[in-house]
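Step one of this worksheet: look at the structure below.
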Amino acid sequence: MQLLDISWFTDSMREGRPVAVETRHHIQDISPTLPEGTTPTPVAAVSQYACQRLTTIENNNKVFTDAFEVLAESYEFSENEGACLAFRRAASVLKSLPRAVRHLGAVRVLPCLGEHAKKVMEEVLECGCSFEVVKICSDEKYQTLKLFTSVFGVGTKTAEKWYCKGLRSFREIIAEPCIRLNRMQQSGFLHHGDISRAVSRAEARALGSIIDEAARGITPDAMLTLTGGFRRGKEFGHDVDFLLTTAELGKENGLLINVIDRLRQQGILLYSSDLQPASSSTFDVNELPCRRRTFSVMDRFPKCFLILRLDGSRVEEGGSGLQRGEEEEEEGDGTGRGWRAVRVDLVSPPKDRYAFALLGWTGSRQFLRDMRTFARRERHMLLDNHGLYDKTKEEFLAAQTEKDIFAHLGLDYIEPWHRNA
Ligand code: UTP
Ligand code: MN
């Protein structure tokens, strides 16, 4: 027997038959009245940790989460990390809800929603928008920092510095003689139009087969996996994230650098960050988490941020807007010239760390942030992209698959498409 929300009944009436039970049919925020003498089974409360919630790509509360994102970003610009994370956490909770919130009463029992967040929601419910958010969006400083940080290689600090110099546009930055752009920023400006356009799944697939071909040409047992938002079921992304490894441990050594060389020979490497070498394939004694307060979130696997040239002819029919007629006039943003630039992240973990790298790079960022917090606070363990350390047992816990990691943490397994926190 299952206790369900009335929406299951109305859906069934509409279909003319009892419909299959879906997540949205489960009761969210009311307690069932049970017959006398029975012990109440508590209604599954919404967890404060994203790694204990199911979050699909369908967001039923976009009006609120968009407003929260503006606030989070504005706090990020003013380096108020606490407030920034609080709004990201609040947005993440609303994203997990199977329905749109229509009145404030519905959020009473939800975790991670502070007074400030509730006030914003109240305004959105009553007036259709939050005045605070509207004000931020029209603020010159916010707009300028948003524009500057949209460039690959430009972070909050650089954007702030340029703003303080009185610069307001790309044109002014390029024309300013005392600004020296690094290699990454030069590429960022050069390909800004292309890389600020979303990448489609078909384009991600096309890049996957190009990199896969290059890797297999070096070692036949190379394995390439699409991670990031695409693995979570998103149809579009801001970049494409890949893990590259080999069936045999140790063979991944030097693979990444060779793959990048091949891409360069093919003439499709538009930019490549300096390759970060693996510090060691196993953990250094001094790196033991018991000697440090927390795990480093930086990857120590060979990793490279790239910009690749993707020809329209490599993308499946209907997958991109690049295969239009030859006679098409060249437009400033690159459409019509038959190719586009795409941001690609390539990481090469050894096979025995693969599950941890896969989990970390699949994200979402908030899902993983909460998973690490859960590990530390609830399990006395440290999790990062390289491993899981049990502080009580003082040992690393091995994992072949993502399921093993969830199991070590005593968490129900959550599929990638439910990790869109
Ligand atoms: P992305 O920033 O690419 O996000 O990082 P995404 O979810 O794929 O979103 P779109 O579609 O590109 O916009 C993917 C995951 O990789 C982790 C991030 O934390 C995120 O969970 N990551 C990224 C790392 O672990 N290390 C890095 O250096 C960069
Ligand atoms: Mn991505």
Side-chain angles (χ1 to χ4, degrees), residues 50-51 55-59 65-66 69 72-73 76 84-85 88-89 91-92 95 149-150 152-156 184 188 194-205 207-208 211 224-245 256 272-279 294-308 310 341-349 353-375 382-388 402 405 414-421:
C51 55
T55 315
T56 63
I57 45 171
E58 192 189 335
N59 176 2
T65 58
D66 282 353
E69 186 47 42
E73 208 170 20
E76 193 169 26
C84 168
L85 284 182
R88 296 245 152 91
R89 219 176 288 130
S92 173
K95 282 183 190 174
T149 53
S150 77
F152 175 55
V154 179
T156 311
M184 196 180 207
D194 269 12
I195 58 186
S196 26
R197 260 188 307 129
V199 186
S200 71
R201 181 175 287 277
E203 289 170 329
R205 252 200 306 265
L207 285 159
I211 299 167
L224 188 77
T225 314
L226 179 62
T227 63
F230 288 111
R231 184 160 179 258
R232 302 195 310 271
K234 281 174 67 178
E235 285 304 316
F236 294 94
H238 94 284
D239 67 354
V240 194
D241 310 286
F242 291 108
L243 290 194
L244 179 63
T245 192
L256 186 56
S272 137
S273 63
D274 297 329
L275 194 68
Q276 300 174 20
S279 52
T294 53
F295 253 29
S296 145
V297 289
M298 288 300 290
D299 286 81
R300 274 170 286 119
F301 307 131
K303 172 178 75 171
C304 203
F305 304 127
L306 310 171
I307 300 176
L308 296 184
L310 177 64
V342 187
R343 270 272 304 112
V344 172
D345 288 348
L346 260 180
V347 197
S348 181
R353 306 283 174 182
Y354 178 79
F356 294 102
L358 181 64
L359 179 71
W361 279 84
T362 298
S364 70
R365 209 167 282 259
Q366 188 62 38
F367 188 92
L368 262 295
R369 194 179 283 139
D370 280 6
M371 206 161 173
R372 286 189 291 264
T373 309
F374 176 88
L382 297 170
L383 172 73
D384 74 1
N385 286 2
H386 310 86
L388 179 64
E402 289 179 314
I405 305 171
I414 293 184
E415 297 285 0
W417 50 92
H418 281 146
R419 299 183 204 159
N420 288 286

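In listed order, ligands and their atoms are each counted from 1. Only a predicted model underlies this, so the values are computations on that prediction, with no experimental measurement involved.
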Go through ligand 1 atom by atom and flag the ones less than 4.0 Å from a non-hydrogen atom of G363.
21 (O)
What atoms of ligand 1 come within less than 4.0 Å of a heavy atom belonging to G237?
11 (O)
Over 12 foreign heavy atoms within 6.0 Å of CD, E58
no
Polar contact flag for N385 and ligand 1 (N/O pairs, less than 3.5 Å):
yes
Considering distance alone, does some N or O of G229 sit under 3.5 Å from an N or O of ligand 1?
yes
Which of the atoms of ligand 1 are close to K303, meaning less than 4.0 Å from one of its heavy atoms?
28 (O)
If I compare all heavy atoms of N420 with all of W417, which pair ends up nearest, and what's the gap?
ND2-O, 3.2 Å
Please give me the minimum heavy-atom distance between A375 and L383, naming the atom from each residue.
CB-CB, 4.3 Å
Just to be sure I'm reading this right: ignoring hydrogens, which of R232, H238, R369 gets closest to atom 10 (P) of ligand 1? Compare them by their nearest heavy atoms.
H238
Please report the C-alpha distance between H418 and T56 in whole Å, then the side-chain angles of each, then the deciding distance to 0.1 Å, and finally whether the side-chain contact (heavy atoms from CB on, under 4.5 Å) criterion is met.
CA-CA 5 Å; H418 281 146; T56 63; 3.5 Å; yes
The Mn ion (ligand 2) contact by D241, N, O or S atom under 2.8 Å:
yes
So which heavy atom on R300 is nearest to which on H386, and how close?
N-NE2, 2.7 Å
